[in-house]
Amino acid sequence: MRCVSHILNLVMQDGIKKFDKSVEIIRWAVKWIRQSPSRIGKFTKFAKLVNPGTTKHLVRDVPTTWNSTYRMLNIVQGYEKTFERYDLKEYEFRFDIVKAGLSIPSLSDWQHVRHLCHFLKPFCDVTERIFGTLYMTSNTCIEDIYSIRTLLDDSISDAKPL
């Protein structure tokens with residue numbers, strides 16, 4: 001299982017690299033907000049105005065672990081409008097992100113995040129099923145590994161040439 005996990009992590013990291021710049025921008029924005037309780041408070045205030053139904057807290061990821069990146073992106077995509085409003089009201093945010101050599105998350109960055117989450121969700125579901133149980137039976141494990149293979153084959157065949 002450890003070998004399967006390592007191989008899957010490498011494959012997913014390659015998939016994430018396709019959207020590396022968008023992920024880097026979003027990662028930086030989440031990190032910047034989570035660095036200070038006052039920033040979190042202001043962001044939460046904007047979120048209540050713009051996204052009243054969203055209750056999940058922003059989480060940082062571990063860049064070398066694809067499933068933590070998926071969790072971060074899956075949560076943050078619900079806050080797209082909040083980030084737009086936050087940028088308009090918090091000038092320090094824009095100043096610091098530009099100073100870091102990045103840009104404010106754009107519409108294409110958010111589209112990349114949605115696409116990446118759509119791609120990663122089935123893999124996350126399968127790996128949680130495989131590694132989330134103490135009593136893995138070989139028949140379910142083989143079915144799950146085969147479903148990962150099918151997902152990868154479908155992704156390769158759907159990939160657009162660069």
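- Once rounded to the nearest 0.5 Å, the distance linking OG1 of T82 with CD1 of I33 reads 9.0 Å.
- With hydrogens and angles disregarded, no donor-acceptor distance shorter than 3.5 Å links the side chain of T65 to the backbone of N67.
- Taking CZ from F19 and CG from L73, the interatomic distance works out to 11.0 Å, rounded to the nearest 0.5 Å.
- With sequence neighbours excluded, the residues forming a side chain to side chain contact (heavy atoms under 4.5 Å, CB included) with P63 are R27, D61, listed by chain and number.
- The distance from atom SG of C117 to atom NE2 of H112, rounded to the nearest 0.5 Å, is 13.0 Å.
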Problem set entry | side chain to side chain contact (heavy atoms under 4.5 Å, CB included) between W66 and C124, intermediate numbers included | CA-CA 9 Å; W66 72 269; C124 191; 4.1 Å; yes
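- How far NZ of K21 is from OG of S108: 12.0 Å, rounded to the nearest 0.5 Å.
- Applying the salt bridge (charged side-chain N to carboxylate O under 4.0 Å, His left out) test to every pair with at least one member in residues 65-81, sequence neighbours left out, gives these pairs: E80-R114.
- Residues Y70 and I16 have side chains not in contact (no heavy-atom distance under 4.5 Å, counting atoms from C-beta outward).
- The ring pair (Phe, Tyr, Trp, His ring centres under 6.0 Å) contacts involving residues 86-105 comprise W32-F93, F43-Y86, F46-Y86, Y86-F93, where partners must be two or more places apart or lie in separate chains.
- Put simply, the residue from V30, I104, L102, D20 that forms a side-chain contact (heavy atoms from CB on, under 4.5 Å) with I25 is L102.
- Here T55 contributes atom OG1 and I75 contributes atom CD1; the two are 9.5 Å apart, rounded to the nearest 0.5 Å.
- Note on V59 and L120: same hydrophobic cluster, where clusters join Ile, Leu, Val, Met, Phe, Trp and Tyr whose side-chain heavy atoms are under 4.5 Å apart, directly or indirectly.
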Exercise. When you look at H115 and Q111, which way does the side chain to side chain contact (heavy atoms under 4.5 Å, CB included) test go after all the steps?
Worked result: CA-CA 6 Å; H115 182 75; Q111 288 171 339; over 6 Å; no
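- Between the OG atom in S103 and the CH2 atom in W28 there is a gap of 10.5 Å [rounded to 0.5 Å].
- For the salt bridge (charged side-chain N to carboxylate O under 4.0 Å, His left out) condition, the pairs that include at least one residue of residues 40-56, sequence neighbours left out, are K42-E90.
- The salt bridge (charged side-chain N to carboxylate O under 4.0 Å, His left out) contacts involving residues 94-111 comprise D87-R94, where partners must be two or more places apart or lie in separate chains.
- Taking hydrophobic clusters as Ile, Leu, Val, Met, Phe, Trp and Tyr residues chained together by side-chain heavy-atom distances below 4.5 Å, F123 does not share a cluster with V62.
- Considering only residues two or more places apart in sequence or on other chains, H57 meets the ring-ring contact (aromatic ring centres under 6.0 Å, His included) condition with none of them.
- F83 is not connected to V50 by any chain of hydrophobic side-chain contacts under 4.5 Å among Ile, Leu, Val, Met, Phe, Trp and Tyr, and they are in different clusters.
- Q35 and R39 make their closest contact through OE1-NH1, 3.2 Å (heavy atoms, listed as atom of the first residue, atom of the second, distance).
- L88 and V98 sit in two unconnected hydrophobic clusters of ILVMFWY residues. Membership requires side-chain heavy atoms under 4.5 Å apart, directly or through other members.
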